[in-house]
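What follows is a set of notes on a single structure, which appears directly below.
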Amino acid sequence: MNEIDFTLVDWSRAQFALTAIYHWFFVPLTLGLSFIVAFMHTIYYKTGKQEWKNMTKFWMKLFGINFAIGVATGIILEFEFGTNWSNYSWFMGDIFGAPLAIEAIMAFFLESTFIAVMFFGWNRVSKKFHMLSSWLVAFGSNISALWILVANAWMQNPVGMRFNPDTVRNEMENFWEVLLSPTAVHKFLHVLTNAYVIGSLFVIGVSAWFLLKNRHIIFAKKSIVIGAVVGLISSLFLVVTGDGSAHDVAQTQPMKLAAMEGLYNGEEGAGLVAVGMLKPGKKVGDDKDEYVFAVKIPKALSYFSYRDFNAFVPGINDLIYGNEKYGIRSTEERMEKGKIAVESLANYKKAKDANDSKVAAESLKLLEDNYKDIGYGFLPDKESSIPPVGITFYSFHMMVGLGFYFIIFFILALVYTLKDKIAVKKGFLKLAMWSIALGYIASELGWVVAEVGRQPWTMQDILPTWMSTSHLNTGTVVLTFWLFAALFTILLIAEIKIMLHQIKLGPKEERS
Amino acid sequence: MFENLSYLALQQYWWVIISLLASILVFMMFVQGGQTLINQIGKTKIERSLLINSIGRKWDITFTVLVTFGGAFFASFPLFYSTSFGGAYWVWIIILFSFIIQAVSYEYRSKANNFLGQKTFDTFLLINGILATILIGTAVGTFFTGSEFSIDKLRITDINDPVISRWETPYRGLEAAFNITNLSLGLAIFFLSRILALMYFINSIENKNIILKSKSVLKVCVFPFLVFFLLFVVLLLTRQGFAVDPVTKIVSMEKFKYLHNLLQMPLVLIMFLIGVVGVLAGIFLTLFKESRKGIWYSGVGTILTVFSVLMLAGFNNTAYYPSTYDLQSSLTIENSSSSKYTLTAMSYVSLLVPFVIAYIWYAWKSINKKRIDEKDIEMDEMKY
Ligand code: HEM
């Protein structure tokens with residue numbers, strides 16, 4: 001029966017992933033740097049000191065270079081839901097479209113309007129209005145993150161909706177449930193703190209370069225203090241919010257959690273892998289070991305998932321084969337129920353067209369009873385409900401490891417500057433430059449965890465990826481994939497070159 | 001308050017909003033028009049810089065209007081989003097491409113070490129100016145001429161062939177550009193965007209050469225604009241249209257449908273006439289009365305004209321996104337909209353729009369107190 005065109009699905013996914021990954025090179029810096037700029041702008045406003053003005057202007061310029069390309073990649077993401085995921089757009093559009101529209105109305109106009117004031121406002125508008133504009137840009141970009149994360153959270157944990165068999169789609173029932181779903185709240189907090197960490201790493205890394213070159217010493221030291229303070233607070237929150245996300249994943253996407261930990265056989269009082277390596281070739285249901293080696297923090301996974309040191313955490317085998325003791329249904333059982341739901345939907349529609357109200361009512365009942373498993377009715381086999389374990393596992397652990405590294409890094413940066421030793425710590429300054437890249441890596445890995453771990457669903461348990469695409473030739477998508485890849489790469493090179501050049505120029509030493 | 005509206009009233013309200021966004025977008029595409037004029041008007045480096053910087057302060061609003069238009073269309077009429085974007089794939093991809101290269105070009109063109117060189121970025125702007133206007137115009141043309149697609153929602157129950165909407169020609173939307181009605185609309189919008197841009201330059205830049213040159217180019221652009229616009233209007237009003245039976249919802253062809261719509265909706269007729277007069281008045285005042293405010297007349301005129309044309313597409317029992325492949329697959333504002341709940345929720349959100357317009361206005365006023373001149377370009381570090 002397996003006639004699904006997986007090449008089309010895979011290329012569509014590749015194209016979306018490509019766009020998202022490129023987009024995400026720019027967004028966190030926009031989110032983080034906008035606040036740092038606003039913060040410096042405020043200090044300038046309060047003190048009137050020229051050095052703070054120079055500093056604000058310098059970071060603002062880098063912000064602008066980065067912002068433009070974020071905008072360019074962002075528009076593609078929005079429209080790709082339609083161009084490449086047209087079935088998804090219909091099946092979920094009633095819920096999914098709303099946050100995208102609200103994002104544009106509430107956030108994008110705020111950003112784009114006040115960016116113009118921020119850039120062109122020097123000597124044109126009052127100092128106060130100018131400073132406020134910097135804040136409005138920061139708020140605008142952060143509000144935009146809120147809405148798009150609400151949309152993403154809803155894919156992971158579809159709430160506040162009901163399936164309407166007459167229109168054959170899911171429809172919104174409760175806007176507030178969609179907006180305030182715990183998944184959305186956790187995502188929002190985790191992503192924002194992640195952005196402030198990246199903003200801080202960027203400011204410190206660039207300033208470190210100036211110190212190494214022995215230029216703009218005071219400017220660099222001041223920037224580092226701001227970066228270290230913002231960064232330290234944010235990185236601590238980042239761990240807290242990440243823990244919140246993991247707790248949420250355990251409730252809503254147990255399969256993702258199992259993949260994140262490479263856990264096949266569930267256990268009570270499960271330990272969390274601190275460092276480990278998966279055994280290659282491990283398959284669901286076989287009795288190979290899961291890990292080549294793994295150092296586990298005892299009982300931590302149980303706590304982190306259910307806030308209970310002895311709770312049972314299901315592994316992949318439990319989720320596939322079921323586990324009666326803990327009330328976990330097998331994938332096969334869910335597939336059967338799902339098939340009933342799919343068939344009942346078809347029968348309902350046909351009965352409706354034939355005006356056969358008795359059959360229609362019976363089918364509707366069956367459909368409603370089994371709807372929560374409908375997605376499983378679209379699976380060709382039970383293994384297809386497992387996300388790629390390796391990618392999810394390693395991405396998760398690298399992200400977490402880097403999270404703890406950043407905390408130590410910011411503490412050191414703060415201590416060295418407060419002791420006024422930072423300029424002589426050449427090794428640390430070099431490390432600081434490289435840490436910018438680590439920030440981006442951690443952030444992209446976070447998305448890999450969230451989205452690869454979500455597979456095979458575009459909407460958890462309801463719609464798999466291969467039911468979500470547009471009706472396109474694979475060749476068409478291959479072509480657009482490469483067009484986008486080439487264009488984005490060229491633009492990325494241009495942005496990096498411009499950015500590096502502007503950094504080399506350094507802040508203008510204007511006199512008041 | 002919106003809860004008390006009927007489902008149909010909400011659907012109509014949202015068609016009005018979508019039409020309004022589309023008409024503001026067409027007006028704001030003076031930015032695109034301007035991008036096609038930089039070398040034609042600007043003879044020296046400083047003149048070109050003035051031109052780019054004057055539209056450069058507006059480009060991201062145009063861009064944001066486009067994004068909002070997309071988002072709002074998705075939220076209110078998801079079946080359109082699903083059918084048109086996934087179906088007319090190539091047209092939309094080309095349009096999007098042209099906007100990607102636009103978005104970076106302003107910021108990067110005059111920066112040192114920009115990898116591709118200023119010429120390339122200026123060419124990007126030119127490409128966006130030509131393609132976006134013409135292709136968006138032809139795409140809107142299909143609201144009246146139809147496309148070849150079919151929709152069958154039951155396909156979702158077939159795992160091997162689940163996509164509910166399907167484009168039935170391999171040209172993937174490019175076929176629209178070979179229809180004379182669509183093409184005349186596309187070209188009319190292209191020339192209109194240039195006309196608006198010229199008036200915008202005259203209104204916002206303080207430079208003799210630019211003003212003189214803009215006027216002389218304006219004269220040249222008016223003629224093709226009028227030809228293509230009239231051609232479109234005549235073709236539109238004489239063609240058969242896609243009528244929906246209000247009771248059975250069956251779609252059928254009706255002779256002179258859009259003419260009928262115009263006559264049966266007198267308010268739309270009045271708006272259309274005022275709009276056309278407004279566009280012409282702006283041109284007239286600029287060319288013959290030395291006025292520098294032509295953009296306001298033509299701008300408002302553009303918005304009214306496009307708005308009333310879109311009313312003809314969606315209102316009065318008409319299918320706004322018709323299928324010539326299978327008439328009954330055609331999209332109407334009733335069969336393609338979001339649920340009543342979502343439309344109601346989104347209607348509350350729409351109350352933010354006047355507020356948004358107000359702060360945009362305020363912000364623009366505050367940075368553009370006077371016309372932009374050479375001194376501005378020298379003074380600004382942040383220039384394009
Ligand atoms: C230190 C401990 C950390 C923990 C426990 C943690 C936990 C998580 C979890 C569970 C997810 C998946 C959420 C989902 O699938 O819905 C996630 C995603 C993510 N993480 Fe982390 N993370 C940590 C550190 C970091 C760091 C250091 C960064 C980047 C600097 C980061 C950036 C992200 C991003 C961008 C996402 C994707 C968005 C999202 O799903 O929230 N995380 N994180």
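Just so it is clear, the structure is predicted and the values come from calculations on it, not from any experiment.
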4.5 Å side-chain heavy-atom contact, B:Asp60 and A:Val71: no
Residue among B:Lys58, B:Met346, B:Arg166 with most heavy-atom pairs under 4.5 Å to chain A: B:Arg166
Minimum side-chain heavy-atom gap B:Ile100-A:Ile76 below 4.5 Å: yes
Largest heavy-atom contact set with chain B, pairs under 4.5 Å, which of A:Ala116, A:Ala98, A:Ala341: A:Ala98
Check: A:Ile490 and B:Phe115 side chains under 4.5 Å, non-hydrogen atoms: yes
Sidechain-backbone polar pair: A:Asn87 side chain, B:Ile164 backbone, donor-acceptor under 3.5 Å: yes
Short side-chain to backbone donor-acceptor contact, B:Tyr341 and A:Phe175, under 3.5 Å: yes
Heavy-atom closest pair, residues B:Ser338 and A:Arg169: C-NH2, 3.3 Å
Region of A:Ser133 that comes under 4.5 Å of a non-hydrogen atom in chain B: neither
Check: B:Gly86 main-chain N/O paired with A:Ser470 side-chain donor or acceptor under 3.5 Å: no
Verdict with supporting geometry, B:Thr68 and A:Phe109, side-chain contact (heavy atoms from CB on, under 4.5 Å): CA-CA 9 Å; B:Thr68 310; A:Phe109 280 109; 3.2 Å; yes
Under 3.5 Å: donor-acceptor pair, side chain of B:Tyr108, backbone of A:Ile498: no
Chain A contact via B:Ile360 - which portion, at a heavy-atom distance below 4.5 Å: both
Stepwise side-chain contact (heavy atoms from CB on, under 4.5 Å) test for B:Val163 and A:Ser86: CA-CA 8 Å; B:Val163 183; A:Ser86 75; 3.9 Å; yes
Interface moiety of A:Trp85 toward chain B, non-hydrogen atoms closer than 4.5 Å: neither
Test item: A:Thr113 and B:Tyr362 side chains (from C-beta on) under 4.5 Å apart, heavy atoms: no
Portion of A:Leu483 that has a non-hydrogen atom of chain B nearer than 4.5 angstrom: both
Donor on one side chain, acceptor on other, B:Tyr89 and A:Asn84, under 3.5 Å: yes
Set of residues satisfying side-chain contact (heavy atoms from CB on, under 4.5 Å) with respect to B:Ala132, sequence neighbours excluded: B:Gln32, B:Ser98, B:Phe99, B:Asn128
Pairs of heavy atoms under 4.5 Å with chain A: top-ranked of B:Ile93, B:Val356, B:Thr157: B:Thr157
Validation row: A:Ile65, B:Glu107 side chains within 4.5 angstrom (heavy atoms): yes
Validation row: B:Arg57, A:Phe120 side chains within 4.5 angstrom (heavy atoms): yes
Which atom of A:Glu78 lies closest to which atom of B:Gly71, heavy atoms considered: OE2-N, 2.7 Å
4.5 Å side-chain heavy-atom contact, A:Phe81 and B:Phe74: yes
Proximity breakdown for B:Leu343 and chain A, heavy-atom pairs closer than 4.5 Å: neither
Non-hydrogen side-chain atoms of A:Trp90 and B:Ile156 separated by less than 4.5 Å: no
